[in-house]
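Read the numbers this way: they start at 1 and go in the same order the structure lists the ligands and their atoms. We use all heavy atoms of the structure for the numbers below, so side chains are in, but hydrogens, waters and symmetry mates are not.
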Amino acid sequence: MIKKHLLPLMLLLLNTYFAQAQIVQEVCPGVFKITLGKPDTFTPERFREELPQVSALRQLPAGKLPFNLTDIKINFNPRGTIIELPLSGDEQLYGFGLQMGSFRQNRLRKVPVVNDYPSNDLGYSHAPVPYYVSNKGYAVLVNTAKYTTFYCGGNQPKQGGPASKNNSSDTTKLTVQDLYNSTATSAGNMLVDIPGVNGIEIFVFAGPDMLTAVQRYNLFSGGGAMPPLWALGIKYRVKADFKDTDVYKTTDYFRKKQLPISVIGLEPRWQTAAYPCSFAWNPDFFPYPAKFIAQLKSQGYQVNLWEHAFVSSSSPIYQALLPQSGNYLAFNGLVPDFASAKGRDIFAQYHQDKLVDIGISGFKLDECDNSDLRFGSARWSFPELSQFPSGIDGERMHQVFGLLYQKTIYNIYKKLNQRTLLDVRSSGALAAPYPAALYSDTYDHAQYVEQISNTGFSGLLWSPEVRESSSFKELARRSQTAILSAQTLYNSWYLQNPPWLQFDRDKNNKGILLPDAEQNEATIKKLLNFRMQLIPYLYEAFHKYQQDGYPVFRALVMDYPSDEHVFEVANEYMIGKSLLAAPIVGGADTRDVYLPSGNWYNFNTNEKYTGGKSYRVNFKLDDIPLFVKEGTILPLAAPIQFTDNKTVFHLTCSVYGKKVDNAYLFEDDGISFNYLNAKCNNIELTIDGAKVKMKRKGTYVQKRYVIDRTTIIP
Ligand code: GAL
């Protein structure tokens, strides 16, 4: 799979303890693979979806590592495999996937294990990745699906030698805090503990800087996901017990009120059985599925279906999957062996024939993240000791289940040359090419914002969904975050009415709407319209993600790796090249924002700020909590309600500052993979006097952008 002629470097190192050959290969430009012993058969790399983007990797600046590869030590013992990787005292560590509860990972014990309810800072996650990235400009992936522990510095090895004479620390430290502080003071190396295996592969991604290392990881994964144009609009999931007629009422309402909703998601009850799933339409709720989908499409909506992978005995695919499933059930349903092509094919073919072929544009892949490991009573998923026909066990299957589920469903669309954006509750390593946004039930707004920053390190997309709230203010704040994330999602799966008409769940379901519902709707509509205005900018950013592995949403430290003020900033993040988002959480009207070096503009007021400092800023409920970097040409479209094959964006280009960089737009059909065969245009936006001009490169005939106006902001 990895081209052998790309191996200019081939080192054989002798492992000190066991005299085994540690093989180092440069498998792609700037990507080094270290192998020792007999690596596992079931790894994230083995299940990869795309080949590495070698030519894009070659375009990156030549990679440098801040340490010698020979300083990586791998040892086997009766417990398993232990890896020691060098760390310098002042480096900052990030990554491990969709992390909740921690951002900078220094000195933590991280256990990136899949769990349906992440909490604290341990590493349990919907999308665990055995991977970290350093601000010294490199990243490391341990290619394993075993439950693995990373000790991120802080463990001092025994030194030996004579005892120190001056060891009086025990008596001088008096407070409890002093005593505990003394336990993890020195940097120490990164220690990785992988029980039960005697062989491992490690991938090291070179910089020279942090952002390039992450780009290298994403490109090695196969490049970032490119969602269809419609998926950058807004998704609304309706109440689980809605029938077709209830859905029509909702969709008619949105169009009547000109609310820009692009995708309607159905929840469990569209099926005859949901826990476990039948994947068959419920005739009492949706008697004419094809007609239903066509009706929604005629109003400009795409339709997405909720499901999980566990198969009911009433499902048409049950018999076929019996021999292709694990030996224990989950939710009383079969667990398909997605690690085998046969298992995937049976599942996918049915989905294609019965659902995709009649117009379903995407799926929500739920419950693929194991039952909560923090509780003995959480038992719905399959046990770790399960065995599957492919040979994979339950532990490894849990770690890759979300990845393989995405692979199964994504390939239906790929074969049909149709792009999609899925919802998924679990993902993992090398997932950048999967067009899928993660979501969670945890619903902590502050964490939801931080997870936007966290996902950018690890090639993942995150959607901080909006459901009910304790006040309209909270709902608006959550909406502000949602419009500035990879997927804007209102998940009303237990709400009768849109939450902006009534944020309280009980009252909402009793039909008691807020007295100021109309005014609230206007506030939310303004926010949703901004999301639609941002689509051209986001689309270009996603194209750069696909092509160059450049993450669309990312922590400030990626762009400013040596600014110590941003080492712990997770509640602000970059979007594309030049926007900085700073959502407000909680009941306050103001927040502190640190702006890195350079000058910045408040998007709402055009007020200019000098970077390198913090400011107390105020955002109203219908403001956009956003700053624009000086030197930006920002193309914003006139709001539309949805996109289709005829969409033309009418742009207003705002020019921030006197000296600006050129900006770009990406133009194609918005729905197929034809852009990979040059059926697309790259548009350069340049300033010419007082006007922004477009220069198109490419042969795609349809023109999707027109510049209506230029605004200069001094
Ligand atoms: C949960 C999921 C929710 C909703 C619900 C329906 O697992 O996270 O968003 O879909 O299932 O049963």
Check: every ligand 1 N/O to protein N/O pair under 3.5 Å:
unit_1, atom_1, unit_2, atom_2, d
ligand 1, 7 (O), Asp366, OD1, 3.4
ligand 1, 7 (O), Asp366, OD2, 2.6
ligand 1, 7 (O), Glu367, OE2, 2.9
ligand 1, 7 (O), Arg425, NH1, 2.8
ligand 1, 8 (O), Arg425, NH1, 3.1
ligand 1, 8 (O), Asp441, OD1, 2.6
ligand 1, 8 (O), Asp441, OD2, 3.3
ligand 1, 9 (O), Lys364, NZ, 2.8
ligand 1, 9 (O), Asn491, ND2, 2.9
ligand 1, 10 (O), Glu267, OE1, 2.4
ligand 1, 10 (O), Trp306, NE1, 3.3
ligand 1, 10 (O), Lys364, NZ, 2.9
ligand 1, 11 (O), Tyr275, OH, 3.4
ligand 1, 11 (O), Asp366, OD2, 2.9
ligand 1, 12 (O), Tyr275, OH, 2.9

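- Using cut-offs of 30° and 60° for the angle between ring planes, the Tyr545 and Phe542 rings count as perpendicular.
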Show the atom names and distances, to 0.1 Å, of all donor-acceptor pairs under 3.5 Å that link a side chain in residues 274-285 to residues at least two apart or in another chain.
unit_1, atom_1, unit_2, atom_2, d
Tyr275, OH, Glu367, OE2, 2.6
Ser278, OG, Thr272, N, 3.4
Ser278, OG, Thr272, OG1, 2.6
Ser278, OG, Ala273, N, 3.3
Ser278, OG, Ala280, N, 3.2
Asn282, OD1, Asp284, N, 3.0
Asn282, ND2, Arg269, O, 3.3

Donor-acceptor pairs are to be reported for all side-chain atoms of residues 227-235 against protein atoms at under 3.5 Å, with residues two or more places apart or in another chain.
unit_1, atom_1, unit_2, atom_2, d
Lys235, NZ, Asp423, OD1, 2.6
Lys235, NZ, Asp423, OD2, 3.3
Lys235, NZ, Gln487, OE1, 2.9

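- Between Phe553 and Tyr573, the ring-plane angle classifies as tilted under the 30° and 60° cut-offs.
- Using cut-offs of 30° and 60° for the angle between ring planes, the Phe310 and His308 rings count as tilted.
- By the ring-ring contact (aromatic ring centres under 6.0 Å, His included) test, Tyr539 is found to be paired with Phe666, residues two or more places apart in sequence or in another chain being considered.
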